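Working notes, structure below.
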Amino acid sequence: MKLVVVSAGLSVPSSTRLLADRLAAATGSYTSVDVQVVELRDLAVEIAHNFTSGFPGRALSAALEAVTEADGLIVVTPVFSASYSGLFKSFFDVLDQDALTGKPVLIAATGGSARHSLVLEHALRPLFAYLRAVVVPTAVYAASEDWGAEGLAERIDRAAGELGRLMEGLGSGAGAVRRAEVADTAGAADKADASVVVDTDTAAAIAPRSLNGALASADRFTVIPFEQQLAALRP
C-alpha cells in the first residue's frame, strides 16, 4: 500500500519533518507500506503560481497525484498563529475537493509550546472532516519539550497503529467489495424511480416473509421499489 507523508516544515532540519518520519516509520511496523514524502517547502512557488494561473507546475502536479492515489496520508504542520501554516492550507486548497474522500488520514502538528496542542482539534480535524477524509482518532502534537520526554513515543505508536489498521481494513478485498457494493447501491438508488435504500437489518424485521430471502442475500443494503414496500404493508 502507498503511504504519502505531507510535511509543511520550513526549516532544515525540521522538527515537523522529524515527527512525520517517526510517524511513517511507526505505521510501517503495523502494515507494509511504500512511503513517499511531499515537502511543501519545495512546492511553495508552484502553489502560489497555481492560485494565479489555475494550473499546477510539474512538481506540484506530481505531489497532488501522489496524494490523490495514496492509500493513506500522514499530514504534519507547524503551528503558526494558533493554527496550521498558510503553506499547509494552500496545498490542500489546490487539491481537488474529492481527492481525500474516504481516505485514512493521520493528523499531527509541532509547536514551541504545549498550549497550542488544541490546534489538532479546532483546526486540522475540521479541515479534513470537511474534505470527507477518515481521520484516525489519535492525533499527535509535539511541543519542543516533548522531544526526548515520556509520552510522545506512545502517542506516535498508538496513532500509527490506528492508521495502519485502517489502511489494511479499507484496502482489503472485503473492504473494497463493500465500498463497491455501497457505491453501486447508491447509484441504483439515484437512478431508480421512487426507490429507497433500506438497511437490511431494519427491513428484515418489517418486511413480509417473501422478502426476507432477498434481503438475506444482500451484504448490508438493498434497494426495494416503493411499490413493493406498499404491497408488503397491505393486509
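Any value given below was found using the heavy atoms of this structure, including those in side chains, with hydrogens, waters and symmetry copies removed. Bear in mind that the values here come from a model prediction, so they are computed numbers and not experimental data.
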Approximate separation, where rounding is to 0.5 Å, of [X] [atom1] and [Y] [atom2]:
X: Ser117; Y: His122; atom1: OG; atom2: NE2; result: 8.5 Å
X: Met167; Y: Tyr30; atom1: CE; atom2: OH; result: 14.5 Å
X: Thr138; Y: Leu163; atom1: OG1; atom2: CG; result: 11.0 Å
X: Leu40; Y: Ser90; atom1: CG; atom2: OG; result: 9.5 Å
X: Ile107; Y: Arg125; atom1: CD1; atom2: CZ; result: 4.5 Å
X: Thr27; Y: Arg165; atom1: OG1; atom2: CZ; result: 10.5 Å

Please say yes or no: joined through hydrophobic side-chain contacts below 4.5 Å, possibly via intermediate residues, are [X] and [Y] part of one cluster?
X: Val135; Y: Val6; value: yes
X: Val45; Y: Val38; value: no
X: Val5; Y: Leu10; value: no
X: Val35; Y: Val4; value: no
X: Leu60; Y: Leu87; value: yes

Below 4.5 Å, heavy atoms only, C-beta onward: do [X] and [Y] meet side chain to side chain?
X: Val12; Y: Arg17; answer: no
X: Trp147; Y: Leu18; answer: yes
X: Leu124; Y: Thr77; answer: yes
X: Phe128; Y: Val75; answer: yes
X: Ser32; Y: Met1; answer: no
X: Pro56; Y: Leu64; answer: yes
X: Leu131; Y: Asp98; answer: no

Counting only heavy atoms not in [X], do more than 12 sit closer than 6.0 Å to its [atom1] atom?
X: Arg115; atom1: CZ; value: no
X: Phe51; atom1: CZ; value: yes
X: Glu150; atom1: CD; value: no

Using the side chain to side chain contact (heavy atoms under 4.5 Å, CB included) rule, take Leu127 and Lys89 through it: C-alpha gap first, then chi angles, then the decisive distance, then the call. CA-CA 9 Å; Leu127 170 63; Lys89 179 61 162 58; 4.1 Å; yes
Heavy-atom pair of closest approach, residues [X] and [Y]:
X: Lys103; Y: Ala99; value: CE-O, 3.3 Å
X: Gly112; Y: Ser144; value: CA-OG, 3.5 Å
X: Ala108; Y: Leu19; value: CB-CD2, 4.0 Å
X: Leu170; Y: Gly102; value: CD1-O, 3.6 Å
X: Ala142; Y: Leu152; value: CB-CD1, 4.1 Å
X: Leu166; Y: Pro104; value: CD2-CB, 3.6 Å

With sequence neighbours excluded, what pairs up with Asp157 under the salt bridge (Lys or Arg N to Asp or Glu O under 4.0 Å) test?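 Here no residue qualifies.
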Pairing residues for Asp71 by the salt bridge (Lys or Arg N to Asp or Glu O under 4.0 Å) criterion, not counting sequence neighbours: none
Any chance you could lay out the side chain to side chain contact (heavy atoms under 4.5 Å, CB included) test for His49 and Phe55, step after step, and finish with the verdict? CA-CA 8 Å; His49 286 170; Phe55 297 97; over 6 Å; no
Between the main-chain N or O of [Y] and the side-chain N or O of [X], is there a donor-acceptor pair closer than 3.5 Å?
X: Ser11; Y: Pro13; result: yes
X: Lys2; Y: Gln36; result: no
X: Glu154; Y: Gly151; result: yes

Do the ring centers of Phe80 and Tyr84 come within less than 6.0 Å of each other? no
Kindly determine whether Arg155 and Asp146 satisfy side chain to side chain contact (heavy atoms under 4.5 Å, CB included), including the steps that lead there. CA-CA 11 Å; Arg155 295 198 304 274; Asp146 289 328; 3.7 Å; yes
Within the 3.5 Å criterion, strictly below it, is a donor on Ser7 or Thr16 matched to an acceptor on the partner's side chain? no
Go through it in stages, so that I can follow the logic: the residues are His116 and Tyr141, the test is side chain to side chain contact (heavy atoms under 4.5 Å, CB included), and I'd like the CA-CA distance, side-chain angles, deciding distance and then a yes or no. CA-CA 9 Å; His116 292 304; Tyr141 179 83; 3.5 Å; yes
